Structures are given as C-alpha cells and as structure tokens.
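The block underneath contains the structure these notes are about, expressed in structure tokens.
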Amino acid sequence: MQQCPFANLLNPDTYAQGMPYQALKEIRQQGPVVKMADTLTGVPYWAVVGQQELDFVSKNPSLFSSARRTAFPMEFPQDEVDFIHCHTIINMDPPRHQKVRRIVREAFTPKGVNSYAPAFRAHAKRILDRVVNRGECEFVEEVAAELPLIAILELLGVPIEDRKQFFDWTNTMMFADDPDMSTSIEDGQIAAGECINYALKLAAQHRQHPMKNITGALLDGDVDGEPISEEDFAWMFILILVGGNESTRTVISHGMRLLMEHPEQLEYLVQHPEYIAAAIDEILRFNTAFIQMRRTATDDLELGGQQIRAGDKIILHYHAVNHSEAIFGDDAMSFDVRRSERMPKLGQQLRSFGIGQHFCIGSHLARLELQVMFEEIIPRLRNPRLLGDVAYTRSYFVNGIKNMHISFDTGA
C-alpha cells in the first residue's frame, strides 16, 4: 500500500488547526489517486486529488455509487446506510436522483434566485448596521452566519424569529466531532429529529395554506407520478437547510480571514469594488466549504494509474483539487483576488460545488449571497484585524470556523 506522508484525511484532528495545505500538496505529489489507511475505522480508501480523476468519478455514477455506502465520507452501519440513502438526494444514484433533483431544481433557477437580490441586499445592510459602529464583533455568528441562514429559512418558509434555533440545530448536526460545538453524536441525532418535526409541521401548514417556495415545490412535486412522502420531504428539508446555511457561512468566514491576512488585496477591492464579484471565485477556490465526499466503486477498474476493486471506498478531496498546481499554476497555494484576471475561466475550473450529476444545485444562490455580503462588508468594515486566534471546527467534512473575533475602524 502506498503510504501518505502524514495523518489520515478522515481524522477530524487533521483539520482542527485549519487546512493542512502543505501536507495536501505532498499527497498531490504522490499522484492523482493515493491509497490511504484509516486507523480510526479500519476501512482503507483511495484519496482522489487530481482534477481529471475527480471529474471522471463524479461523472460516472454507474461505476462510482453515491447510494452503496452514502456520499458522506463517514462510516455508517449498514442499517443506517439503507435508511439514509433512501431519503436524501445526495445519496441517490440514477435514475431516481435525476427525478428528485428535477423537483428541487425548479426552486433554484437563476431567474428565481436573482429575484431575491434586493431582499438579500437589504438583509446584508441590516446585518452590517448592527456591528459597524461597535468597532469589533464575533464575525462568524454576528455577520457570516446571518444572511445564509435568513435566506435559506425564508426560501423554506421558516419564520425569521426561529433562525437562532436553526443555527443551533445545524451546528449540532454538522459538528458532532467537535466537543465545542456538540456534546455527542446523540445530540446530533436529536437535533436532526427536531428539524424533522419542524419540517412535518411546515408540511401540514402547506396543506392548509399552500406556499410558493422551496417547501411548496417539494411537497407539490412527484416522482413517477407519486408525490414526495412527508418523510422524504423532511430529510430533503434538512439537506437544503444545512447545504444552504453551513457552506456559505464557512466561505464568508474564510473569505474575511483571507482578506485580513492579505490587507493589500483587501485594499485593492476597497478601491476597485467592481472586482469583488470576480474575487468570489478565488475565495471559493482557496477554502472549499465541503472538504470531501465519498463514492463506492461498483466494478474493478483503473483510475489514475491505480487498480480499484469493486467495493473500494473513494474519497473526492475537493480542497486538494482546488489547490492543484497542474490546474491553477505554480502559485496555486497562494491567495490572489486577481487570479481571475489572468484566468478568465477560473469559475469553471473550481470544484467547490462539485461536478457532474451531484453539482451543487444551490450554487447560484451561494454566489449571490457571497457577492452581496462582501459588497457590503468590504467598504464598511475598514482595516479589520483579528482579535485573538481563529477557532477552526474539528471536522473532516465541513471546513468551518467556529468563531473569529475581529476589530475594525468605526464610522465607515
């Protein structure tokens, strides 16, 4: 077995102090597909860190299944696997995946998403209004988390006064490996149960007062002539909630961190706000929200010069691919908000939203939120500085920041 020069990619401690950039580079230098051991679970896996190989896996679901052992990188007992993949779109293979995705897609068309821009802008201004004259804030919860959570809850039909409860539930579900975020795995399961109960209440409300939003689109949709069950709806509700909340919050938090670490680049965007939208691609590239996903090989085949066997665990490491020197040049490990000026197709080279049939259906929504937030943050939080260390989440799934206290000049 070819051995990696450092720790297990599926150990949450690997990411507890932030992304191990240099170690990931050493893995890429071994080749596009590297065999690794997981000493925590005893299940070995292939780490896919080459873009061409990641694209091949993502675009061939008949060879690399999301349903066999779920698309999540964790190990689950078989009874949980059977339950999870039946109810969540991310864990479906064709043809059911496309049929369910069609229902969800109708709620995320670019035209539909763009119609929310004025409301998002108004929310963003209010978020900044609350902190701008204080001179400091806890950036993650007070700024980064607000618009993504408000936006996705509005699209799901959840009253804004319930947003703090959903903030806590999603944290507990997503970060059960982090003792600062959740007490135990059982707490995560309880939080998921609370979300499911809430979703079922929304479904009941929709029957009495039909909603024209994502919730209504899901409940009114059908697969092969059969309506989506309320149980399926509840699990899709959780997936959309987490995907639309945690991921965008993470990118906003890391984007702010990177701009503070590169004040000359921040000043460039202050002076040239018309380039903020283009800079979003570099922020998305440099710190990908979802670190990795899983596939399971369905047949024997060769991938990246390695012999893969049916049943093998495949890990798609999006973060490593987004730092590939072969794709982004010798300075791939450097943050540069002007990268898109010399790489006009930068957005197409990113794998932050995946690729293939499971390409993130909410990517347009995420980009809109990111653009709106940074267009409000950059001119108003002037000369931002860190107050203390950044606290990263202990997770090998979501590249999150738990808290990040900052200070800034007032009166902007």
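Everything numeric in this text was worked out from a predicted model, so none of it was measured. Residue numbers count from 1 along this sequence.
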**Item:** Residue of the set Val34, Leu54, Ile315 for which side-chain contact (heavy atoms from CB on, under 4.5 Å) holds with Val48
**Value:** Leu54
**Message:** Checking Asp336 against His262: is there a side-chain donor and acceptor pair closer than 3.5 Å?
**Reply:** no
**Presence of salt bridge, Lys402 and Glu141, under 4.0 angstrom** = no
**Prompt:** Looking at His254 versus Phe286, is the centre-to-centre ring distance below 6.0 Å?
**Reply:** no
**Asked** Between Tyr392 and Asn403, does any side-chain donor sit less than 3.5 Å from a side-chain acceptor?
**Response** no
**Message:** I'd like to know if the side chain of Thr170 pairs up with that of Asn245 as donor and acceptor (distance under 3.5 Å, no hydrogens or angles considered).
**Reply:** yes
**Prompt:** Looking only at heavy atoms, what is the nearest atom pair of Val57 and Leu316, with distance?
**Reply:** CG1-CD2, 3.7 Å
**Request:** Would you please classify the geometry between the Phe166 ring and the Tyr198 ring as parallel, tilted or perpendicular, with 30° and 60° separating the classes?
**Result:** perpendicular
**Prompt:** Just checking, any donor-acceptor pair under 3.5 angstrom between side chains of Asp281 and Ser340?
**Reply:** no
**Message:** Before you tell me yes or no, could you show the steps for Leu386 and Met404 under side-chain contact (heavy atoms from CB on, under 4.5 Å), namely the whole-Å CA-CA distance, both residues' side-chain angles and the distance that decides it to 0.1 Å?
**Reply:** CA-CA 7 Å; Leu386 278 174; Met404 183 171 71; 3.5 Å; yes
**Prompt:** Between the side chains of Ser66 and Arg295, is a donor N or O closer than 3.5 angstrom to an acceptor N or O?
**Reply:** yes
**Pair Tyr15 and Tyr396, ring centroids less than 6.0 Å apart** = no
**Request:** May I ask you to test the Ile378-Ile276 pair for a side-chain heavy-atom distance under 4.5 Å?
**Result:** yes
**Asked** Which heavy-atom pair separates Ser62 from Thr298 by the least distance, and what is that distance?
**Response** O-OG1, 2.6 Å
**Request:** Compute whether any side-chain donor of one residue and acceptor of the other, for Ser352 and Asn322, lie under 3.5 angstrom apart.
**Result:** yes
**Flag side-chain contact, heavy atom, 4.5 Å: Val158 against Leu202** = yes
**Donor-acceptor pair between Asn399 and Tyr318 side chains, under 3.5 angstrom** = no
**Donor on one side chain, acceptor on other, Gln78 and Arg69, under 3.5 Å** = yes
**Request:** Ignoring hydrogens and angles, state whether a donor on the side chain of Asp93 or Ser65 is under 3.5 Å from an acceptor on the partner side chain.
**Result:** yes
**Prompt:** Any side-chain heavy atom of Glu325 sitting closer than 4.5 Å to one from Asp331?
**Reply:** no
**Request:** Test side-chain contact (heavy atoms from CB on, under 4.5 Å) on Leu350 and Thr288 and set out the steps.
**Result:** CA-CA 9 Å; Leu350 304 180; Thr288 309; over 6 Å; no
**Message:** I'd like to know if Lys99 and Glu226 make a salt bridge, using a cut-off of under 4.0 Å between side-chain N and carboxylate O.
**Reply:** no
**Asked** Aromatic rings Tyr275 and His272: how do their planes relate, parallel, tilted or perpendicular, breaks at 30° and 60°?
**Response** tilted
**Shortest non-hydrogen contact from Ala332 toward Ser324** = CB-O, 3.7 Å
**Request:** State which residue, out of Glu138, Glu376, Glu146, Glu142, fulfils the salt bridge (Lys or Arg N to Asp or Glu O under 4.0 Å) condition with Arg130.
**Result:** Glu146
**Message:** When you compare the side chains of Asp55 and Ser58, does any donor N or O come within less than 3.5 Å of an acceptor on the partner?
**Reply:** no
**Item:** Side chain to side chain, Lys313 and Pro44, heavy atoms closer than 4.5 Å
**Value:** no
**Fill in**
Closest non-hydrogen contact found for Glu53 with Pro32 is OE1-CB, 3.2 Å
**Message:** I want to check something: taking the side chain as every heavy atom from C-beta on, are Met373 and Val143 in contact at a cut-off of under 4.5 Å?
**Reply:** yes
**Message:** Please tell me whether Glu375 and Gln371 have a donor and an acceptor in their side chains that are separated by less than 3.5 angstrom.
**Reply:** yes
**Item:** Polar contact flag, side-chain donor to acceptor under 3.5 angstrom, Thr88-Asn91
**Value:** yes
**Message:** Are the side chains of Leu24 and Val49 in contact, using a 4.5 Å heavy-atom criterion?
**Reply:** no
**Item:** Taking every non-hydrogen atom, the tightest pair across Val372 and Ala124
**Value:** CG1-CB, 3.7 Å
